[in-house]
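All values reported here derive from a predicted model rather than from experimental measurement. In each ligand, atom 1 is the first atom listed, and ligand 1 is the first ligand listed. The first residue of the sequence shown is numbered 1, and numbering continues consecutively from there.
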Amino acid sequence: MADHLNANGANIKVYNLECIDLSNPDIDQSAALIKKVCLDSGIFYVTNHGISDELFDEGFAQTKRFFAMPENEKMKILWNENHYRGYQPPVQKGYVEVYTTAAGVLKDGVVEDDPTNLWPSADVLPEWKESIQKYVHETLNVGRRVAKLIARALGLDDDFFDLPQMFGDDNATVCSLMHYTDQENHSSEEKLGRMGHYDVSLITLLATDDALGIQICRDKEAKPQSWEYVLPKKRAFIVFVGEVLERLSGDTFRPVLHRVVYFQERYSIGVFLLPSYDCLVENSLPPNSEENSSKYTAEKFKDFLDFRYVDVTAEIIQKQMEAA
Ligand SMILES: O=C(O)CCC(=O)C(=O)O
Ligand SMILES: [Fe+2]
């Protein structure tokens, strides 16, 4: 932990993340570091991941193009609560507007699109869909490499996460593009772009621009809670342990409570690596593992997702009503 000055000169508490260098040939060393951070904070940077600067920049350029579309174009693909896809205007989530799309399946270099996706019109945003699909699939592949290290850290087969129901062809990975904006010029003391939450993913690979915003709370029971900033790191991913990994790891790898504070306009892109809807979410540690204990019963990812989604949404709406 270290103190830092923010753009306004105020002293802020910063939590320094460990960095997993994906170009490190010593896999055991990387897996040991992953184990340490996942047992400890549940959040880390990933660098030297092989995604080109151009693709990163393109992802952000396309994200800005999307949110700069006229309101009526965005409303044509309004978020669909049956599938959790499409555009969510800022009112539903505080100071953030979000667009969510599923990765679909990459076969022989061509993406088989998920039929539930809601894409902006190609007349308005030519080649947008293809560009986002490329970003999502390259990021998913980085996630698969991180997952191999996680498998080794847990004592599972290195290819555990390559199974079709994990990150093989049936995975349900989604990407959310986020634009933090204060359209109504609210004047509350501490503006939250995102309320405190855990990600309902196996892992999340988040890319952000340079704007400060993410905070983590490493001890949610502490009173008062202490929130520390995570600094943006250019062209690195911030990786979060999600609640699905928590369960697969027999409650040993812990997700971290995090939120986003709004200071200024900000963009981020999250790729949420999800197993297939039919994947059984259960303690998957080897039976002889010393850490093998879990308080959760096995359930299909689809049921887990629906349950968590209702839970999280209800909590967010309630907190926003309280804050209004
Ligand atoms: O926008 C960000 O930086 C983080 C967003 C986030 O935590 C999420 O979408 O789950
Ligand atoms: Fe999150």
Side-chain angles (χ1 to χ4, degrees), residues 6 12 14-15 17 38 41-46 56 59-60 62-64 66-67 79 84-90 92-103 132 135-136 139 143 146 172-182 190-218 220 227-246 253-274 305 308-309 311-313 315-317 319-320:
N6 75 3
I12 57 167
V14 171
Y15 182 69
L17 302 191
C38 290
S41 61
I43 180 170
F44 52 93
Y45 293 123
V46 163
F56 253 116
F60 280 92
Q62 298 294 13
T63 299
K64 287 181 188 167
F66 178 88
F67 291 113
W79 193 76
Y84 319 133
R85 313 269 189 263
Y87 172 67
Q88 289 168 284
Q92 281 170 284
K93 288 207 165 175
Y95 303 94
V96 64
E97 48 179 347
V98 183
Y99 169 78
T100 302
T101 192
I132 293 297
Y135 178 91
V136 176
T139 305
V146 175
T173 294
V174 295
C175 173
S176 288
L177 312 178
M178 292 163 272
H179 177 214
Y180 293 83
T181 165
D182 183 0
E190 194 171 56
K191 299 175 176 185
L192 288 184
R194 273 284 164 94
M195 299 289 176
H197 68 279
Y198 301 98
D199 286 357
V200 189
S201 62
L202 225 145
I203 50 173
T204 305
L205 270 66
L206 181 79
T208 75
D209 64 14
D210 301 336
L212 196 62
I214 303 176
Q215 291 184 323
I216 61 169
C217 170
R218 288 182 294 141
K220 79 173 178 39
W227 290 89
E228 297 162 292
Y229 283 91
V230 168
L231 297 182
K233 193 173 177 72
K234 212 165 180 70
R235 300 196 177 107
F237 288 109
I238 298 173
V239 177
F240 294 86
V241 169
E243 291 184 317
V244 179
L245 180 55
E246 178 183 29
F253 283 11
R254 309 314 296 261
V256 68
L257 188 63
H258 59 283
R259 67 183 188 184
V260 179
V261 178
Y262 178 86
F263 293 108
Q264 67 191 85
E265 187 171 44
R266 178 176 181 272
Y267 294 90
S268 64
I269 309 176
V271 174
F272 300 82
L273 272 78
L274 307 179
L305 183 67
R308 285 299 295 140
Y309 196 80
D311 218 31
V312 169
T313 311
E315 206 175 297
I316 289 172
I317 291 172
K319 282 191 185 148
Q320 272 168 3

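- Under 4.0 Å from ligand 1, not a single heavy atom of Val96 appears.
- Atoms of ligand 1 found under 4.0 Å from any heavy atom of His197, numbered from 1 in the order shown, are 6 (C), 7 (O), 8 (C), 10 (O).
- Near Phe272, with a cut-off below 4.0 Å to any heavy atom, the atoms of ligand 1 are 8 (C), 9 (O), 10 (O).
- Per-residue contacts place Ile214 under 4.0 angstrom from the following atoms of ligand 1 (heavy atoms of the residue considered): 3 (O).
- For ligand 1 and Met178, the ligand atoms under 4.0 Å from any heavy atom of the residue are 1 (O), 5 (C), 9 (O).
- Among all protein heavy atoms, the one lying closest to atom 4 (C) of ligand 1 is Val260 CG2, 3.7 Å.
- Judged purely by atom type and a 3.5 angstrom limit, His258 uses its side chain to pair as donor or acceptor with the backbone of His197.
- Taking every heavy atom of His258 and a limit of under 4.0 angstrom, the matching atoms of ligand 1 come to 7 (O).
- Two residues are said to be in side-chain contact when any heavy atoms from C-beta on lie closer than 4.5 Å; Ile269 and Gln62 fail this criterion.
- For the pair Val244/Ser201, no side-chain contact is recorded, criterion being any heavy-atom separation below 4.5 Å from C-beta on.
- The ligand atoms of ligand 1 that sit less than 4.0 angstrom from a heavy atom of Tyr180 are 1 (O), 2 (C), 4 (C), 5 (C).
- Taking CD from Glu228 and SG from Cys217, the interatomic distance works out to 8.5 Å, rounded to the nearest 0.5 Å.
- From the protein, the heavy atom lying nearest to atom 9 (O) of ligand 1 is Arg194 NH1, 2.6 Å.
- The atom of Asp199 that is an N, O or S and sits closest to the Fe ion (ligand 2) is OD1.
- Close N/O approach between Thr208 and ligand 1 is not found [any backbone or side-chain N/O within under 3.5 Å].
- With a heavy-atom cut-off of 4.0 Å, Arg259 does not touch ligand 1 at all.
- Within ligand 1, the atoms closer than 4.0 Å to a non-hydrogen atom of Arg266 are 1 (O), 2 (C), 3 (O), numbered from 1 in the order shown.
- A side-chain donor-acceptor contact under 3.5 Å links Thr173 to the backbone of Leu274.
- Numbered from 1 in the order shown, with element, the atoms of ligand 1 that lie under 4.0 Å from a heavy atom of Asp199 read 10 (O).
- A distance of 6.0 Å or more separates the ring centres of Tyr95 and Phe263.
- Below 30°, between 30° and 60°, or above 60°: for Phe66 and Tyr99 the angle between ring planes is between 30° and 60°, a tilted geometry.
- A side-chain contact (heavy atoms from CB on, under 4.5 Å) with Ile43 is found for exactly one of Leu206, Ile238, Val241, namely Ile238.
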Worked check of ring pair (Phe, Tyr, Trp, His ring centres under 6.0 Å) between Phe272 and Phe240: CA-CA 9 Å; Phe272 300 82; Phe240 294 86; 8.6 Å; no
